[in-house]
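Written out below as structure tokens is the structure these notes cover.
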Amino acid sequence: VDLSTKVAGLSLPNLLFNASGVCCQTETDLKLMIESESGSLITKSATYEYREGNPSPRYLPLPSGLGSINSMGLPNEGYEYYLNFAKNYDYSSKKPLFISLSGLSLADNVKMCEAFVAAELPCVLEVNFSCPNVPGKPQLGYDMEAMESALNVLAPLIKKPFGVKLPPYFDIAHFDTAATIFNKFDNLVYVTCINSVGNGLAIDFETESALIKPKDGFGGLGGLMVLNTALANVNAFYRRLPGKQVIGVGGVTSGKEVFLHVLAGASAVQIGTTLKEEGPTVFARINKELTDIMIAKGYKSLDEFRGKVKTL
Ligand SMILES: CC(C)(C)CCc1c(C(=O)O)[nH]c(=O)[nH]c1=O
């Protein structure tokens with residue numbers, strides 16, 4: 001990600017981009033990302049067919065201000081829309097394009113990957129493991145055997161370097177098991193941690209009602225409240241995946257959380273809830289805040305502190 005922001009003599013790579021799902025479903029959204037001061041952009045997770053998604057209200061910032069809840073239901077334009085976008089993308093812009101795929105079955109993921117591989121484009125493919133392979137079964141990221149067998153099919157098919165989007169893990173044994181699986185695949189070159197913290201429930205005190213309509217109000221949690229889970233997942237996989245990279249996402253509201261994600265080991269950092277609430281100007285603000293923090297702390301490059309979180 002080399003869109004360096006030249007500020008105060010520091011020329012840092014621009015490590016910020018959108019969390020998949022936010023400001024990235026339509027060409028209009030994606031153009032806003034291209035025009036923003038983000039370093040990269042990623043598309044909304046694509047399924048084989050167009051999807052309307054769940055009924056609204058399906059996303060809300062929480063009254064507490066501590067985050068958000070969503071049960072979007074994978075609304076997207078269908079994978080051919082994003083394939084076409086990737087075919088027309090200006091790769092000389094130096095702003096890397098990531099394509100998120102979230103097939104409703106392994107067969108769908110295979111068909112979508114085959115189409116992108118056949119197109120031989122410079123975009124980077126990312127498979128969303130927060131999607132169940134079979135409706136009603138746990139999401140792929142929480143079914144270790146299914147995750148490994150999916151990778152046994154998809155990694156050789158994709159051939160080029162690719163990444164996976166992971167749900168948060170909360171058990172050290174799960175970090176160990178998942179990392180052992182990922183280390184079997186050389187072209188799996190990065191993991192993105194974390195997807196929203198699954199199936200939270202926001203209830204309004206006055207109305208005594210769930211806040212969002214789908215799934216009896218159950219939805220993925222994002223924003224500041226998931227920061228510490230995100231930092232743990234970034235650092236756990238940073239420690240366990242030598243030679244691979246970790247993209248951090250979760251809880252970024254300012255340069256401070258970006259700094260913490262990099263300390264935890266992140267090579268790039270995505271913004272979800274705060275981008276949804278503030279809009280694409282958030283990238284200029286947070287890039288400046290991060291630069292100011294580095295100047296205050298005397299750091300000249302991100303490598304000086306990436307992954308260098310201290311322990312007591
Ligand atoms: C949750 C799924 C609908 C299975 C995947 C898409 C997705 C959604 C969504 O489209 O509801 N929301 C998230 O916070 N993360 C996701 O990965």
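All ligand and atom numbering here is 1-based and tracks the order in the structure. None of the values given here were measured: they were computed from a predicted structure. Side-chain atoms are counted along with the backbone in the values below, which use heavy atoms only and exclude waters and symmetry mates. Starting from 1, each residue takes its place in the sequence as its number.
- At least one heavy atom of Lys44 sits less than 4.0 Å from an atom of ligand 1.
- Set against the non-hydrogen atoms of Leu74, the atoms of ligand 1 under 4.0 Å away are 3 (C), 5 (C), 6 (C), 9 (C), 10 (O), 11 (O).
- Annotation for Glu148: atom CD counts as buried by contact number, over 12 foreign heavy atoms lying within 6.0 Å.
- Atoms of ligand 1 found under 4.0 Å from any heavy atom of Ser130 (numbered from 1 in listed order, with element): 4 (C), 17 (O).
- Under the 6.0 Å distance and 45° angle rule, Lys276 counts as a cation-pi partner of Tyr59.
- Scanning the protein for heavy atoms near atom 12 (N) of ligand 1, the closest one is Asn70 OD1, 3.0 Å.
- Atom numbering of ligand 1 starts at 1 in the shown order; those under 4.0 Å from a heavy atom of Asn195 are 13 (C), 14 (O), 15 (N), 16 (C), 17 (O).
- When the options Leu101, Leu140, Asn195, Val164 are evaluated for a side-chain contact (heavy atoms from CB on, under 4.5 Å) with Asn128, the one that passes is Asn195.
- Neither the backbone nor the side chain of Asn54 has any atom closer than 4.0 Å to an atom of ligand 1 (non-hydrogen atoms only).
- Atoms of ligand 1 found under 4.0 Å from any heavy atom of Ser196, numbered from 1 in the order shown, are 13 (C), 14 (O), 15 (N).
- Residue Arg51 does not touch ligand 1, judged by heavy-atom distances below 4.0 Å.
- Among the atoms of Cys131, none of the N or O lies under 3.5 angstrom from an N or O of ligand 1.
- In this structure, Lys297 forms no cation-pi arrangement with Phe305, as its terminal cationic atom is not both closer than 6.0 Å to the ring centre and no more than 45° off the ring axis.
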